[in-house]
Amino acid sequence: MSIRLHNTLTRQKDQLDAQPGFDSNNVRMYCCGPTVYDYAHIGNARPVIVFDVLYRLLRHVYGADHVTYVRNITDIDDKINARAAETAKAKGISVEQARVEITTKTAQQYLDDVAALGCLMPNHTPRATEYVAGMIEMIGELIAAGHAYAAEGHVLYDVSSKSDYGKLSRRSLDEMMAGARVEVAPYKKNPMDFVLWKPSDDQTPGWESPWGRGRPGWHIECSVMGGKLLGDTFDIHGGGVDLMFPHHENEIAQSEGCHHGKPLANIWMHNGFLQVEGEKMSKSLGNFITINELLKDWPGEVLRLNMLRTHYRQPIDWTLAGLKESHRTLEHWYNTAAPQAGAVPAAFLDALEDDLNTPKAIAELHQADPAGMAGALHLMGFSVDPAQIALKLSEGVSPAEIEAQIAARTAARKAKNFKESDRIRDELLSKGIVLKDGPTGTTWEVTK
RNA sequence: GGCCACGUGGCGGAGUGGUUACGCAACGGUCUGCAAAACCGUGUACUCCGGUUCAAUUCCGGACGUGGCCUCCA
């Protein structure tokens, strides 16, 4: 079997290796990464984990050296600028200094969080500010090609210049205009035209350009970074469903407009949204959870499994009950899996190759023998190290302390002093430590 | 208002035009000083209403419900 992926462009499962120009020696994937101005939340973690599994699958099938994965970091953006302006004022530094400070710190935090979720580093994690020259160049080409125009210090993409604009999200220009609720800027030829470049005042980060000092629009960075690092056309482009329109639609318009209609990506993948305890996650509801907060209570692997128990295109309801079940399941696997990874079970691989069907794959995992289970866990990005998960969860109680208590309890049991032995067991249980008496002695585990 | 997803047993969650998903929880059992873990056994669900069909949870239509996008939120 070969890898089949649901393609937003065609609204069906398409075979990856049957796409035009597919090269098994050079499989290329791009995913939209974070805008770095604050801690990433659990919703941000979903595409990272999902596409990490895809990356691992591609590496497994085609070889680690034949897959290139790019995930950008957006470090220039008006939300960042707003934060930078506040920080600059508070600290008495320049806005640009503040911007660099905020984005550097937040980007590092993001990479740390994501590593804790068991995600591999992509081959490239380009930052938008490193590609501004390329953006200016592409904007110039778009103007030359008749797809863009300059007006009042802005450069805008002329959506009417591309007849298939809207093909990804399947909207026509007429529909979009009918549904438009946005106030239209006076310098736009068409209400749906979007910004490629906009002017910056002295208090706002900016770069010199043929259209004056300014900064790039949101979409152009991905077109440039994807093109520079992966070529005009690459195999897979991923991101959250919310990015389908306008972000991805506009990326397509820019890249294809610049590359004489050559497709930007063959397969477009979009992961579904996440809710928390049945409600939409929002700051006003107070259920806005960052990855960082969750990592204080749970091993990254539990968060990872919890995410993968739901198919990536389905909505997922993030709940405490779900986390507990994921933890339990992981502990079970870690107790069962062999220390050395064996061959990946065929049924497990088939499930992953069928549009990344992780719930099905997990079901197959339960049926695997210990060696196959370890191989499957490894492929999905789990360490198969029970000590790691136990230690992470047992914060507050040291393993040495637990061992001492176990020794005391063993002595009590030998003396048939079960009252004392049960007291010790209950005391540990109240701290979240569960004891298990096996044929070779007593072991312990952390419960939630 | 326009467009688009989704609705499976107590819970999570695959899948299928007619045969047991799987997991968690629950219950019974083995084991254990008692437990926990492990192992064995027990569960015929598919929002509602029409239609197509020998047969629909699975196909078509409608209703209701939930969520998303259209507003630089993954």
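By convention in this document, chain letters (A, B, ...) are assigned in the order of the sequence lines, proteins followed by strands, and residues within each chain are numbered from 1.
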Working note: A:E293 + A:Y39, criterion side chain to side chain donor-acceptor pair (under 3.5 Å); need CA distance, chi angles, decisive distance, verdict. CA-CA 9 Å; A:E293 283 166 347; A:Y39 286 102; over 6 Å; no

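RNA chain B is contacted by both A:R11 and A:R171; A:R11 maps to the nucleotide lying nearer its 5′ end (nearest heavy atom per residue).
A:W318 meets the ring-ring contact (aromatic ring centres under 6.0 Å, His included) test with no other residue; sequence neighbours excluded. Among residues two or more places apart in sequence or in another chain, the salt bridge (Lys or Arg N to Asp or Glu O under 4.0 Å) test is passed with A:R423 by A:E420, A:E427. In this structure A:E256 satisfies the salt bridge (Lys or Arg N to Asp or Glu O under 4.0 Å) test together with A:K162, A:K167, sequence neighbours excluded. For A:R304, the salt bridge (Lys or Arg N to Asp or Glu O under 4.0 Å) partners are A:D52, not counting sequence neighbours. Residues satisfying the side-chain hydrogen bond (donor to acceptor under 3.5 Å, both in side chains) criterion with A:N357, sequence neighbours excluded, are absent altogether. For A:Y187, the ring-ring contact (aromatic ring centres under 6.0 Å, His included) partners are A:H154, not counting sequence neighbours. Among residues two or more places apart in sequence or in another chain, the salt bridge (Lys or Arg N to Asp or Glu O under 4.0 Å) test is passed with A:E96 by A:R99.
Near RNA chain B, meaning a heavy atom under 4.0 Å away, there are no residues from residues 109-129 of chain A. Heavy-atom distances under 4.0 Å link RNA chain B to A:H41, A:G43, A:N44 of residues 33-57 of chain A, given in residue order.
Residue-level contact check: A:G272 touches the bases, meaning some heavy atom is under 4.0 Å from a base atom.
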Show the distances under 3.5 angstrom between N or O atoms of the protein and N or O atoms of nucleotides 9-16 of chain B.
{"residue": "B:rG12", "atom": "O2'", "partner": "A:R309", "partner atom": "NH2", "Å": "3.4"}
{"residue": "B:rG13", "atom": "OP1", "partner": "A:T310", "partner atom": "OG1", "Å": "2.9"}
{"residue": "B:rA14", "atom": "OP1", "partner": "A:H311", "partner atom": "N", "Å": "3.2"}
{"residue": "B:rA14", "atom": "O3'", "partner": "A:N357", "partner atom": "ND2", "Å": "3.1"}
{"residue": "B:rG15", "atom": "OP1", "partner": "A:N357", "partner atom": "ND2", "Å": "3.3"}

Could you list all N or O pairs between the protein and nucleotides 34-38 of chain B that sit under 3.5 Å apart?
{"residue": "B:rC34", "atom": "O2", "partner": "A:R425", "partner atom": "NH2", "Å": "2.5"}
{"residue": "B:rC34", "atom": "N3", "partner": "A:R425", "partner atom": "NH1", "Å": "2.8"}
{"residue": "B:rC34", "atom": "N3", "partner": "A:R425", "partner atom": "NH2", "Å": "3.3"}
{"residue": "B:rC34", "atom": "N4", "partner": "A:D437", "partner atom": "OD2", "Å": "3.3"}
{"residue": "B:rA35", "atom": "N6", "partner": "A:D437", "partner atom": "N", "Å": "3.4"}
{"residue": "B:rA35", "atom": "N6", "partner": "A:D437", "partner atom": "OD2", "Å": "3.3"}
{"residue": "B:rA35", "atom": "N1", "partner": "A:D437", "partner atom": "N", "Å": "3.3"}
{"residue": "B:rA35", "atom": "N1", "partner": "A:D437", "partner atom": "OD2", "Å": "3.3"}
{"residue": "B:rA35", "atom": "N3", "partner": "A:R425", "partner atom": "NH1", "Å": "3.0"}
{"residue": "B:rA36", "atom": "N1", "partner": "A:D437", "partner atom": "O", "Å": "3.3"}
{"residue": "B:rA37", "atom": "OP1", "partner": "A:R328", "partner atom": "NH2", "Å": "3.1"}
{"residue": "B:rA38", "atom": "OP1", "partner": "A:H332", "partner atom": "ND1", "Å": "2.8"}

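Residues A:P34 and A:T74 are not in side-chain contact: their nearest non-hydrogen atoms beyond the backbone lie 4.5 Å or more apart.
Picking from B:rC69, B:rC72, B:rA74 the nucleotide with the shortest atom distance to the side chain of A:W218 gives B:rC72. Of all nucleotides listed (B:rC22, B:rG33, B:rC70), B:rG33 comes nearest to the side chain of A:S421.
What separates CE of A:M244 from C1' of B:rU71 is a distance of 16 Å, to the nearest Å. We find that NZ of A:K167 is positioned 23 Å from P of B:rC3, with the value rounded to whole Å. If you take CG of A:D350 and P of B:rC22, they are 18 Å apart, rounded to a whole angstrom. In this structure, the CD atom of A:E279 is 13 Å from the C1' atom of B:rG67, given to the nearest Å. Rounded to whole Å, the distance from CG on A:N250 to P on B:rC69 is 16 Å. What separates CZ of A:F245 from P of B:rA74 is a distance of 17 Å, to the nearest Å.
By the 5.5 angstrom centroid cut-off and the 30-degree plane limit, A:F273 is classified as not stacked against the base of B:rG67.
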Output the pairing pattern of RNA chain B as a dot-bracket string, 5' first, Watson-Crick or G-U wobble with both distances under 3.5 Å, | for cross-strand pairs, [ ] for crossing pairs. (((((((..(((.....[...))).(((((.......)))))....(((((..]....))))))))))))....

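Crowding of A:H378 atom NE2: a count of heavy atoms from other residues, nucleotides or ligands under 6.0 Å not exceeding 12. The number of heavy-atom neighbours closer than 6.0 Å to CD of A:Q203, taken from other residues, nucleotides and ligands shown, is 12 or below.
Without hydrogens or angle criteria, A:R46 side chain to A:F273 main chain gives a donor-acceptor distance under 3.5 Å.
A salt bridge does not link A:D350 with A:K360: none of the charged nitrogens is closer than 4.0 Å to a carboxylate oxygen. Under 4.0 Å is where a charged nitrogen must lie from a carboxylate oxygen, and between A:D354 and A:R4 at least one such pair does.
For the side-chain contact (heavy atoms from CB on, under 4.5 Å) with A:T35, the qualifying choice from A:N72, A:D77, A:D75, A:I73 is A:D77, the only one to do so.
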